[in-house]
Amino acid sequence: MASSKNKNNWKDYIWLAWFSLQVLVIIFVDAVPFYPKHLYEPPGSPLHLLQRIRTFYVATYNDPIVQWTPALGRDSWIPLFTRIEMLFQLPAAAYAVHRLGRRRRAGTTGADELLYLVYALETALTTLVCLNDVLWWDDVVYPAGLKRVFIFQIYGPWFAIRK
């Protein structure tokens with residue numbers, strides 16, 4: 001994305017939609033295990049719908065990356081990537097939404113473009129690690145057909161988009 005000063009740059013609207021989606025996914029899906037349990041675990045709690053969505057996803061795909069929680073320990077790369085997501089990706093995406101969604105849009109600056117580039121490289125790398133991890137999953141638990149779902153439908157498209 002080149003720096004833009006044009007208030008009607010259609011690429012900025014595409015990026016705004018992308019970053020908005022990313023913020024929503026992080027807040028409403030990926031960050032759920034970090035919220036206080038009383039907000040999402042008991043039926044009737046304010047965020048219980050988010051827990052139901054995660055439960056459905058895990059029951060459908062048995063994704064070990066999504067099933068990781070802070071209680072499972074630190075013997076994996078997943079806690080590091082989760083921290084990067086919460087401490088870098090979320091603020092960067094929220095800033096991008098703020099910057100690109102301003103009512104009196106001023107376009108993007110060189111500094112914005114550099115931030116977006118770092119964001120894209122970091123998210124592409126972490127998604128690539130997830131894709132590589134899928135290849136090493138136990139073939140008994142994750143047969144080739146299910147691995148293809150992860151590679152071509154779940155993690156692969158995220159990698160391709162971020163590239």
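Using a 4.5 Å heavy-atom cutoff, the side chains of Tyr116 and Trp15 are not in contact. Between Leu39 and Ser45, the closest side-chain pair of non-hydrogen atoms is not below 4.5 Å. Contact of the Pro79 side chain with the Thr82 side chain is not registered, since no non-hydrogen atoms from C-beta on lie closer than 4.5 Å. Within the 4.5 Å cutoff, no side-chain heavy atoms of Thr126 are placed close to those of Glu85.
Side-chain atoms of Thr127 never come within 3.5 Å of backbone atoms of Ala124 as a donor-acceptor pair (strictly under, hydrogens ignored). A distance-only check finds no donor-acceptor pair linking the side chain of Glu122 to the backbone of Val118 [under 3.5 Å].
A distance of 16.0 Å separates CZ in Phe28 from OH in Tyr40, rounded to the nearest 0.5 Å. The distance from the CG atom of Leu47 to the NZ atom of Lys37 is 14.5 Å, given to the nearest 0.5 Å. Interatomic distance, CG of Leu90 versus CD1 of Ile84, reported as 13.5 Å (0.5 Å rounding). To the nearest 0.5 angstrom, Cys130 atom SG is 7.5 Å from Ile78 atom CD1.
Val58 and Phe81 fall within a single hydrophobic cluster, where Ile, Leu, Val, Met, Phe, Trp and Tyr are joined by side-chain heavy atoms under 4.5 Å apart, directly or via other members. Hydrophobic clustering (ILVMFWY, side-chain heavy atoms < 4.5 Å, transitive): Val32 and Phe56 are in distinct clusters. Residue Leu131 is grouped with residue Trp77 when hydrophobic side chains (ILVMFWY) are merged at heavy-atom distances under 4.5 angstrom, including chains of intermediate members. Cluster membership for Val25 and Leu49, using ILVMFWY side-chain heavy atoms within less than 4.5 angstrom, is not shared. Hydrophobic clustering (side-chain heavy atoms under 4.5 Å, transitive across Ile, Leu, Val, Met, Phe, Trp, Tyr) groups Leu24 together with Ile27.
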Original post:
Passes side-chain contact (heavy atoms from CB on, under 4.5 Å), Lys147 versus Leu135? Steps please.
Top reply: CA-CA 7 Å; Lys147 285 183 180 182; Leu135 299 174; 5.8 Å; no

Original post:
Yes or no on side-chain contact (heavy atoms from CB on, under 4.5 Å) for Phe88 and Arg83, after CA distance, side-chain angles and deciding distance?
Top reply: CA-CA 8 Å; Phe88 173 70; Arg83 284 186 191 88; over 6 Å; no

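Neither side chain, Tyr155 nor Asp133, offers a donor N or O lying under 3.5 Å from an acceptor on the other. With no hydrogens or angles considered, no side-chain donor-acceptor pair links Gln51 and Glu41 at under 3.5 Å.
Counting all heavy atoms, side chain and backbone alike, Leu115 lies closest to Ala92 at CD1-CB, 4.1 Å. What you find for Met86 and Pro91 is that their closest heavy atoms are O-CD, 3.4 Å. Nearest heavy atom pair, residue Thr109 against residue Arg99, reads CG2-NH2, 3.2 Å. In plain terms, the two heavy atoms of Leu16 and Leu100 that are nearest each other are N-CD1, 3.8 Å. For Val140 against Asp138, the heavy-atom pair with the smallest separation is N-OD1, 2.9 Å. Nearest approach of Arg54 to Asp30, heavy atoms of both residues: NH1-CA, 4.2 Å.
Here the two rings, on Tyr95 and Phe19, have centers that are 6.0 Å apart or farther.
Tyr35 OH: more than 12 foreign heavy atoms inside a 6.0 Å radius.
Remark: Tyr142 engages Asn62 in a side chain to side chain donor-acceptor pair (under 3.5 Å) (not counting sequence neighbours).
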